[in-house]
Amino acid sequence: MLEIKNLHATVDGKEILKGINLTINPGEVHAIMGPNGSGKSTLSYVLAGRDGYEVTGGSVTFQGKDLLAMEAEERAAEGVFLAFQYPVEIPGVSNTTFLKTALNAVRKHRGLPELDAMQFLKLIRAKAKSLNMNDDMIKRAVNVGFSGGEKKRNDILQMAMLEPGFAILDETDSGLDIDALKLVADGVNSLRGPERSMLVITHYQRLLSYIVPDHVHVLAYGKIVRSGGKELALELEAKGYAEFGSPEAA
Amino acid sequence: MAATEQTVEQVRAVTEQKYKYGFTTEIESDLAPKGLNEDIVRFISAKKGEPEWLLEWRLQAYRHWLTMEEPTWAMVDFPKIDYQDSHYYSAPKAAKDKPQSLDEVDPELLKTYEKLGIPLKEQAILAGVAGAGDMPAIAVDAVFDSVSVATTFKKKLEEKGIIFCSISEAVREHPELVRKYMGSVVPYSDNYYATLNCAVFTDGSFVYIPKGVRCPMELSTYFRINASNTGQFERTLIIADEGSYVSYLEGCTAPMRDENQLHAAVVELVAMDDATIKYSTVQNWYPGDENGKGGIYNFVTKRGACRGRNSKISWTQVETGSAITWKYPSCILQGDNSVGEFYSVAITNNYQQADTGTKMIHIGKNTRSTIVAKGISAGKAQSTYRGLVRILPKAEGARNHTQCDSLLIGDKCGAHTVPYIESRNRTARVEHEATTAKISEDQLFYCRARGLSQEDAVGLIVNGFCREVLKELPMEFAVEAQKLVAISLEGSVG
Ligand SMILES: Nc1ncnc2c1ncn2[C@@H]1O[C@H](COP(=O)(O)OP(=O)(O)OP(=O)(O)O)[C@@H](O)[C@H]1O
Ligand SMILES: [Mg+2]
């Protein structure tokens with residue numbers, strides 16, 4: 001599904017990713033944990049194709065295609081989805097307009113017929129309901145005035161609508177209350193399937209008890225320094241990241 | 001369904017065409033010789049079969065114009081205009097006498113309007129002909145170069161006592177109304193371009209809504225400049241009598257030509273007690289090419305007088321075209337409790353320049369005005385909001401709120417805000433807010449990460465930025481306007 005080989009990337013001339021290797025097979029959920037500033041969000045931006053994140057070495061293959069050669073919107077259409085650590089506000093553009101435009105762009109790319117207004121509304125209402133989002137929220141401008149947790153849920157709603165093959169969740173759990181965490185986890189789990197993979201970035205073991213990962217990796221100072229099964233998350237929670245050194249050491 | 005949803009789809013369909021109204025119509029025209037002098041003024045007046053008083057008024061304006069200087073205070077820059085190098089009258093030959101019904105209109109002209117998407121086929125709509133049924137019921141006055149070529153739905157409006165015709169026709173049929181109101185809002189000596197208009201105006205629309213009548217459909221004028229080396233000087237006069245209501249739309253396009261063409265219109269609105277006039281413009285004159293060659297100079301004077309108590313005049317404009325826009329739709333709030341509104345989107349791309357805004361003159365008690373101006377600049381364009389709020393001593397309790405937002409796309413364009421506030425009454429409240437922002441990388445990436453192309457993302461974000469203004473447009477126009485907003489910014493990012 002996704003194969004990252006020796007990936008190096010810089011931001012504003014500063015090297016942040018220093019040789020990442022990671023293979024994610026279809027149906028697998030991988031978790032990435034690691035100290036603040038270790039490059040987790042940078043990795044997610046590089047995979048999603050953000051301008052300004054320059055790849056200086058290595059390769060990423062997604063479903064057999066060279067992911068790094070694609071524009072951000074092509075990656076989205078091919079099925080890469082990033083739930084943002086900080087979802088962005090777009091004043092004056094309603095959630096429905098935004099999502100309908102996005103969904104139809106993606107469907108077009110995938111050779112599916114575009115949805116008309118009625119079909120779309122039916123779909124979004126159903127998905128929103130399962131995330132406990134009301135009609136008012138889907139009509140409001142994208143993320144404008146949303147609470148932190150509402151923004152995260154809104155991103156998950158987008159994911160549910162776009163049905164990506166590979167989703168990156170960047171600290172989707174932070175800011176969610178306990179009930180919302182369960183709802184979001186249910187939403188994510190319902191998307192799990194033999195053909196879908198996920199990369200879950202988190203600081204807390206709690207999310208991983210709801211979205212149980214197949215593999216857990218520690219990203220520290222630009223490299224994956226340790227990998228293991230789901231029990232690794234528990235160990236990290238107990239011991240912290242001290243054993244992986246300090247920025248200077250990297 | 002929110003019209004923005006359709007926008008992006010429609011934009012996709014027209015992506016290849018940069019300015020899709022750039023064609024010309026092959027039609028024989030009746031052209032005045034180039035140049036401007038008293039004889040030309042007389043020629044125009046004679047062509048129109050005007051009464052003596054009107055010719056005198058024109059000549060008075062012309063003589064005054066000779067004593068005036070072109071204004072230089074606006075933040076626009078253009079080579080000096082040679083006023084002798086233009087034709088001041090051009091009429092499609094077939095339309096020497098205005099056709100009595102649409103059947104008599106030159107088929108070439110009808111085709112032109114069809115291409116522009118302007119519904120002139122009223123019979124088709126009335127008869128419920130297939131394909132015409134979903135057209136909105138809008139009465140249209142179509143002005144081609146210097147003359148009005150067709151006015152639709154006249155009969156239906158006449159039943160309610162509404163007069164909707166070309167201004168030339170109004171001069172003939174309703175001289176008492178024209179004489180009473182023309183020049184009463186924008187006097188002939190008002191400003192350089194308006195005075196020129198008074199001397200050489202050729203056509204335009206006239207509307208009178210009688211007491212207590214709510215106009216049952218949108219009225220609309222569609223202006224088209226076709227002939228080359230021609231200026232267009234139209235006048236519009238709208239009178240809403242006591243307790244009446246009218247919503248009026250104005251649209252404009254011109255062919256792509258290398259030379260600059262002058263468009264100097266005058267619009268006068270008069271609202272009596274309890275009357276409301278809603279005036280919407282979607283201005284898409286040819287803006288010139290990406291190197292700044294050609295394009296329309298749009299130097300327009302628009303002013304509304306809220307003469308009566310509780311009267312209201314609301315201007316909404318979406319300005320995407322023209323090489324240069326110089327335009328300040330204004331309200332004179334004379335009647336107590338009268339209301340003035342100005343909602344504006346001005347988009348400039350490439351080398352376009354816009355200096356636009358409004359004037360709100362508070363004279364009566366408890367008069368209120370609202371200004372919402374959104375300026376978007378891309379490429380090397382310069383956009384200026386210039387607004388005056390003047391509170392006169394008797395305007396007890398007057399209130400104004402101004403919101404002025406600028407959005408920059410790229411780093412070679414500019415946005416400027418020039419508010420003038422003069423308050424001479426202590427009880428008045430004037431508020432002014434202004435913001436300037438760049439189109440945000442975060443927003444663009446967020447959209448693209450969801451599958452939107454760069455251009456669709458820009459279109460969506462800018463439409464969101466303009467929403468407060470676009471929602472003021474009548475439904476039928478809103479969709480068109482949103483499309484335009486996106487199209488006019490094509491190629492501005494990345
Ligand atoms: N534009 C930039 N210029 C310079 N440094 C940057 C820039 N963007 C990110 N960085 C740096 O890159 C490093 C990695 O940032 P990143 O956001 O990927 O961390 P993270 O692992 O997601 O941290 P957190 O757990 O706090 O979310 C940080 O040290 C950050 O300061
Ligand atoms: Mg992060």
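The model shown is predicted, which means the values in this text are computed figures rather than measured ones. These numbers come from the heavy atoms of this one structure, side chains and all, not from hydrogens, waters or symmetry mates.
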(request) Taking the side chain as every heavy atom from C-beta outward, state whether B/L460 and A/I90 have any atom pair closer than 4.5 Å. (result) no
(request) Select one option (side chain, backbone, both, neither) describing which atoms of A/L162 are under 4.5 Å from chain B's heavy atoms. (result) side chain
(message) Does A/R140, at its CZ atom, have more than 12 non-hydrogen atoms belonging to other residues, nucleotides or ligands within less than 6.0 Å?
(response) yes
(request) For B/Q403, check side chain to side chain donor-acceptor pair (under 3.5 Å) against everything at least two apart and list the hits. (result) B/D405
(message) Using heavy-atom distances under 4.5 Å, tell me whether B/C466 contacts chain A through its side chain, its backbone, both, or neither.
(response) neither
(request) Please test A/E73 against B/D456 for side-chain contact (heavy atoms from CB on, under 4.5 Å), starting from the C-alpha separation and ending with a verdict. (result) CA-CA 11 Å; A/E73 57 268 36; B/D456 286 353; over 6 Å; no
(message) Please check if the number of heavy atoms outside B/R429 that lie under 6.0 Å from its CZ is greater than 12.
(response) no
(request) Work out which heavy atom in B/G451 is nearest to a heavy atom in A/A76; give both atom names and the distance. (result) N-CB, 3.4 Å
(request) Give the minimum heavy-atom separation between A/D155 and B/R450, together with the two atoms involved. (result) OD2-NH2, 3.2 Å
(message) So for A/R50, is it side chain, backbone, both, or neither that comes closer than 4.5 Å to the heavy atoms of chain B?
(response) both
(request) Measure the spacing between OG1 of A/T97 and CZ of B/R467 and express it to the nearest 0.5 Å. (result) 8.0 Å
(request) Using a 4.5 Å cut-off on heavy atoms from C-beta on, say whether the side chain of B/F445 contacts that of A/V88. (result) no
(request) Could you tell me which residues satisfy side-chain contact (heavy atoms from CB on, under 4.5 Å) with A/N143, sequence neighbours excluded, listed by chain and number? (result) A/P87, A/E89, A/F146, A/K151, A/N154, B/Y446
